[in-house]
Each structure stands twice: as C-alpha cells, then as structure tokens.
Amino acid sequence: MKLIALNLPRDFTEQELAELFKAHGNIKSCTLVLDAGTGKSKGFGFVEMALAHEGEAAIKALHGSKVGKEKIRVKQAD
DNA sequence: GATGAGCGT
C-alpha cells in the first residue's frame, strides 16, 4: 500500500512524516521528496504501509488534516 | 511554493 502525501509544510521532515503515519499503521518505509538543489522539501512525500487496511485508515485519518499551516492531502499512490 | 494539483533523490 503506497501512499502519497501532498501539500506538506516546507519545513516538514521525513522523520515527522514517519511519526505522522506510524500513529495509524505500520510503516514499511517512507520518503520525503527533497529538492536536489536546495535540499528543501518539495511539499510532498511517499509512505509505504505494511497492510492495505492500515493505509486506508491512514488516508481517512490524515487526508484533510491540519499539519503546520496547511491541510495536507493523502492519497493512494499505487 | 503558491493559480492548484501534484506520483520521488
């Protein structure tokens, strides 16, 4: 279950991304997409959940949730 | 960051 999290705050870290999703399921792996040049977040990242139902739960729980100053969007990536 | 939506070093 691969998830993509959009509209993340620019100061968000991969660590925080992991903590956010770990609260709703077991993370297999997570990736915060960074800009090659600046090293800053591009504002989105991927999270691989161990189980499909955990991914669904994470989407329902986190999609539209307030993170920092923006509401993030969470969708299934694949 | 910025029109909003978006699928990666």
Side-chain angles (χ1 to χ4, degrees):
Chain A
M1 180 58 154
K2 183 155 48 170
L3 271 38
I4 179 173
L6 290 317
N7 213 43
L8 264 27
R10 286 318 201 265
D11 55 345
F12 213 59
T13 68
E14 194 167 283
Q15 171 87 237
E16 294 175 295
L17 183 65
E19 294 299 321
L20 191 66
F21 281 79
K22 271 165 56 179
H24 301 281
N26 300 299
I27 294 179
K28 190 186 296 182
S29 65
C30 71
T31 304
L32 182 69
V33 181
L34 306 177
D35 184 87
T38 66
K40 306 301 181 187
S41 169
K42 282 186 178 177
F44 70 98
F46 295 87
V47 178
E48 174 88 57
M49 302 303 286
L51 277 46
H53 84 266
E54 294 177 333
E56 296 291 348
I59 292 176
K60 290 188 303 182
L62 300 173
H63 182 70
S65 66
K66 261 281 193 174
V67 174
K69 119 183 224 303
E70 300 286 343
K71 284 192 173 186
I72 68 171
R73 302 200 300 278
V74 182
K75 305 159 54 174
Q76 178 174 9
D78 286 292

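Just so you know, these numbers use all the heavy atoms, side chains as well, and skip hydrogens, waters and symmetry mates. By convention in this document, chain letters (A, B, ...) are assigned in the order of the sequence lines, proteins followed by strands, and residues within each chain are numbered from 1.
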Starting from C1' on B/dA2, measure out to CZ on A/Phe44 and report it in whole angstrom.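 Rounded to whole Å, this separation is 15 Å.
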
Atom pair distance, as rounded to whole Å: CD in A/Glu14 and P in B/dG8: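 The answer, rounded to whole Å, is 16 Å.
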
Under the 3.5 Å rule, do the base of B/dG8 and the side chain of A/Lys2 count as making a donor-acceptor pair?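 For A/Lys2, whose side chain was compared with the base of B/dG8, there is a donor-acceptor pair (under 3.5 Å).
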
When we call it a touch if two heavy atoms are under 4.0 Å apart, what does A/Asn7 touch: a base, just sugar-phosphate, or nothing?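 Base: the residue A/Asn7, judged by heavy atoms under 4.0 Å, touches a nucleobase.
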
Which part of the nucleic acid, if any, lies within contact of A/Gln76, taking any heavy atom under 4.0 Å across all strands shown: a base, the sugar-phosphate backbone alone, or nothing?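 Here A/Gln76 touches the bases of the nucleic acid.
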
Just compare [options] and give me whichever is closest to any side-chain atom of [X].
| X | options | value |
| --- | --- | --- |
| A/Arg73 | B/dA2, B/dG1, B/dA5 | B/dA5 |
| A/Ile4 | B/dT9, B/dC7, B/dA2 | B/dC7 |
| A/Ala77 | B/dC7, B/dT9, B/dG1 | B/dC7 |
| A/Arg10 | B/dG1, B/dA2, B/dG8 | B/dG1 |

What's the shortest heavy-atom distance between A/Ile72 and A/Leu62, and which atoms?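 So the two residues come closest at CG1-O, 3.4 Å.
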
Distance below 4.0 Å between A/Lys42 side-chain N/O and B/dC7 OP1 or OP2: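 No, no such contact exists.
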
So does A/Lys75 get a side-chain nitrogen or oxygen closer than 4.0 Å to the phosphate oxygens (OP1/OP2) of B/dG6?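 The answer is yes; a side-chain N or O of A/Lys75 sits under 4.0 Å from OP1 or OP2.
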
Between OG on residue A/Ser65 and NZ on residue A/Lys60, distance to nearest 0.5 Å: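 So the gap between those two atoms works out to 14.5 Å.
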
Would you say that A/Glu56 contacts A/Met1 through its side chain, given a criterion of any heavy-atom pair below 4.5 Å between the two side chains?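 They are in side-chain contact.
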
Spacing of the C1' atoms in B/dG6 and B/dG1 (rounded, Å):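 To the nearest whole Å, 12 Å.
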
